[in-house]
There are 2 protein chains.
Amino acid sequence: MAKTKRLLTLFLRFLAIGATIAAVIVMVTSHESTEVFNLTFTAKYSNDPAFKYFVVAEAIACGYSLILLFTCSQTSLGRLVLILDVVIAMLLTSSVSAALAIAHVGKKGNTHAGWLPICGQVPKFCDHVTGALVAGFAAAIIYLILIFCPLYSAQNPLYL
Amino acid sequence: MAKTKRLLTLFLRFLAIGATIAAVIVMVTSHESTEVFNLTFTAKYSNDPAFKYFVVAEAIACGYSLILLFTCSQTSLGRLVLILDVVIAMLLTSSVSAALAIAHVGKKGNTHAGWLPICGQVPKFCDHVTGALVAGFAAAIIYLILIFCPLYSAQNPLYL
């Protein structure tokens, strides 16, 4: 039973690494140029702080999972790993939400604020951002499962 | 010792309720009208989905804390409360991040996307949003403390 749990955790950590690496690569490679009124306009992730934050957060989560895989037995540092998992899950949730908010303005615009949508001009850029957001969201869900598994299955109750 | 912990938890829950109520009220009352090129332009929180999501998330967190205060002894449902605290903390982090991303565009704009800042035209609206974000951020931090306290202080180790 303990071995199955450890294998499941290992599998989820590998999935999380895959999802975060995919999110970083897809977001970083998202640039597209277009001409608007004879002016060349290049859309890239580094044009917006929320997208930059997304890349940094996904990279941190990926690095954390990699370090965890290669350095420590998870049973020996159970509680510390759980606390760090919560921090990483928050970081991922926060970065996906911020990037999603900006991506929504990019897709739909905001007529009240006079912000026009840009996805009509740079559809490939928007597709990349959408892909990166899906991967980032998947990573956040995997971290949620990684947090909830030990909380549910721990033999001893937690006292508040 | 157990009584002190329970009192501290109670105090933090009251603080969280205060912070989330403040965030909701300050955000909901954030509307300002201004005239741009003879057109009346009204800035209000409901103009943007991220701000609406912020209000809903803060209200849910507030309701959850209120229900918890009046319905159950926290020691009897320790683990369930901890899991729900993690969910609420994620919800708060996510909503603050999304609203902050939009508020940043409102304040600084994004020249690459052609989105102009609006805070010069509606400074009071922006002040309200900033206040609501500060309160929302405080609520998220309080929830983080509420999660980390039992994880640190639990007498029994958690097994992964």
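Everything numeric here is computed off the predicted structure, so don't read it as measured data. Protein chains get the first letters and strands the later ones, always in sequence-line order, with residue 1 at the start of each. All values below come from the heavy atoms of this structure, side chains included, with hydrogens, waters and symmetry mates left out.
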- Tell me, out of B/Ala43, B/Pro117, B/Ala113, B/Gly109, who's got the most heavy-atom pairs with chain A below 4.5 Å. B/Ala113
- Just give me the residue among B/Val86, B/Val105, B/Leu100, B/Ile118 that pairs up with chain A most often, heavy atom to heavy atom, under 4.5 Å. B/Val105
- Message: Looking at chain B, which one of A/Ala99, A/Ser95, A/Ser94 has the largest number of heavy-atom pairs inside 4.5 Å, strictly under?
- Response: A/Ser94
- Note on the structure: Whatever's closer than 4.5 Å to a heavy atom in chain A on B/His104 counts as side chain
- What part of A/Ile102 gets closer than 4.5 Å to chain B, counting heavy atoms only: side chain, backbone, both or neither? both
- Message: For residues A/Tyr143 and A/Val81: do they belong to one hydrophobic cluster (side chain heavy atoms under 4.5 Å, members Ile, Leu, Val, Met, Phe, Trp, Tyr)?
- Response: yes
- Under 4.5 Å, counting heavy-atom pairs only, tell me which of B/Thr42, B/Asn47, B/Thr93 racks up the most with chain A. B/Asn47
- Item | In one Ile/Leu/Val/Met/Phe/Trp/Tyr side-chain cluster, 4.5 Å: B/Phe51, B/Tyr53 | yes
- Ranking A/His112, A/Met90, A/Lys108 by heavy-atom pairs under 4.5 Å to chain B gives rank one to A/His112
- At a heavy-atom separation under 4.5 Å, does B/Leu92 approach chain A through its side chain, its backbone, both, or neither? neither
- Item | Pairwise side-chain contact, A/Asn110 with B/Trp115, heavy-atom cut-off 4.5 Å (strictly under) | no
- Taking all non-hydrogen atoms of both residues into account, name the closest pair between A/Ala101 and B/Ala101 and its distance. CB-CB, 4.3 Å
- Examine whether an atom of B/Ala89 lies under 4.5 Å from a heavy atom of chain A, and if so say whether it belongs to the side chain, the backbone or both; otherwise answer neither. both
- Message: Testing the 3.5 Å rule here: is there a donor-acceptor pair between the side chains of B/Ser97 and A/Ser97?
- Response: no
